[in-house]
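Just so you know, these numbers use all the heavy atoms, side chains as well, and skip hydrogens, waters and symmetry mates. Index from 1, following the sequence.
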Amino acid sequence: MEGLKNVMEEAVEYQLNKVLSTMPGVCSCEKCRLDMASFALNRLHPQYVRTDTGALFQKLNNSSQQAEVEVLTAVMSAIDIISQHPKHD
């Protein structure tokens with residue numbers, strides 16, 4: 001549906017970029033990155049918003065230490081699983 005946004009996508013993308021930049025031995029091609037993001041997002045509760053104000057409010061809520069740890073845990077698990085079983089040669 002147009003006009004809806006899952007703010008967890010931004011949180012996962014941010015953590016994925018941050019962590020992958022410290023792991024040069026892990027494939028970070030577009031296919032692997034999308035698989036990792038999908039894996040992580042499927043393990044996190046979606047947080048859909050419709051407006052920029054709603055997005056800002058959710059981002060403030062997600063800035064808590066527990067929220068960041070949940071996203072980081074999902075991202076680290078995704079990197080571990082996908083890097084062991086990439087869907088390409």
(request) Find the distance between CE (M8) and CG (N42) and round it off to the nearest 0.5 Å. (result) 12.0 Å
(request) Evaluate side-chain contact (heavy atoms from CB on, under 4.5 Å) for K5 paired with R50, printing each intermediate quantity in order. (result) CA-CA 6 Å; K5 180 176 176 116; R50 189 178 61 80; over 6 Å; no
(message) What verdict does the side-chain contact (heavy atoms from CB on, under 4.5 Å) test give for L4 and V49, after you've listed the backbone C-alpha separation in whole Å, the side-chain angles of each residue and the deciding distance to 0.1 Å?
(response) CA-CA 6 Å; L4 292 177; V49 296; over 6 Å; no
(message) Please say yes or no: joined through hydrophobic side-chain contacts below 4.5 Å, possibly via intermediate residues, are M23 and V71 part of one cluster?
(response) yes
(request) Verify, without hydrogens or angle tests, whether S77 (side chain) and T73 (backbone) share a donor-acceptor contact under 3.5 angstrom. (result) no
(message) Just so I know, are the side chains of L72 and V19 near enough to count as touching, which here means a heavy-atom distance under 4.5 Å?
(response) yes
(request) Look up atom CG in N6 and atom NE2 in H45, then write down how far apart they are to the nearest 0.5 Å. (result) 12.0 Å
(message) Could you check whether atom CD of Q66 has more than 12 heavy atoms from other residues, nucleotides or ligands sitting under 6.0 Å from it?
(response) no
Would you give me the side-chain donor-acceptor pairs under 3.5 Å for residues 24-39, sequence neighbours excluded?
| unit_1 | atom_1 | unit_2 | atom_2 | d |
| --- | --- | --- | --- | --- |
| R33 | NH2 | N17 | OD1 | 2.0 |
| S38 | OG | L34 | O | 2.9 |

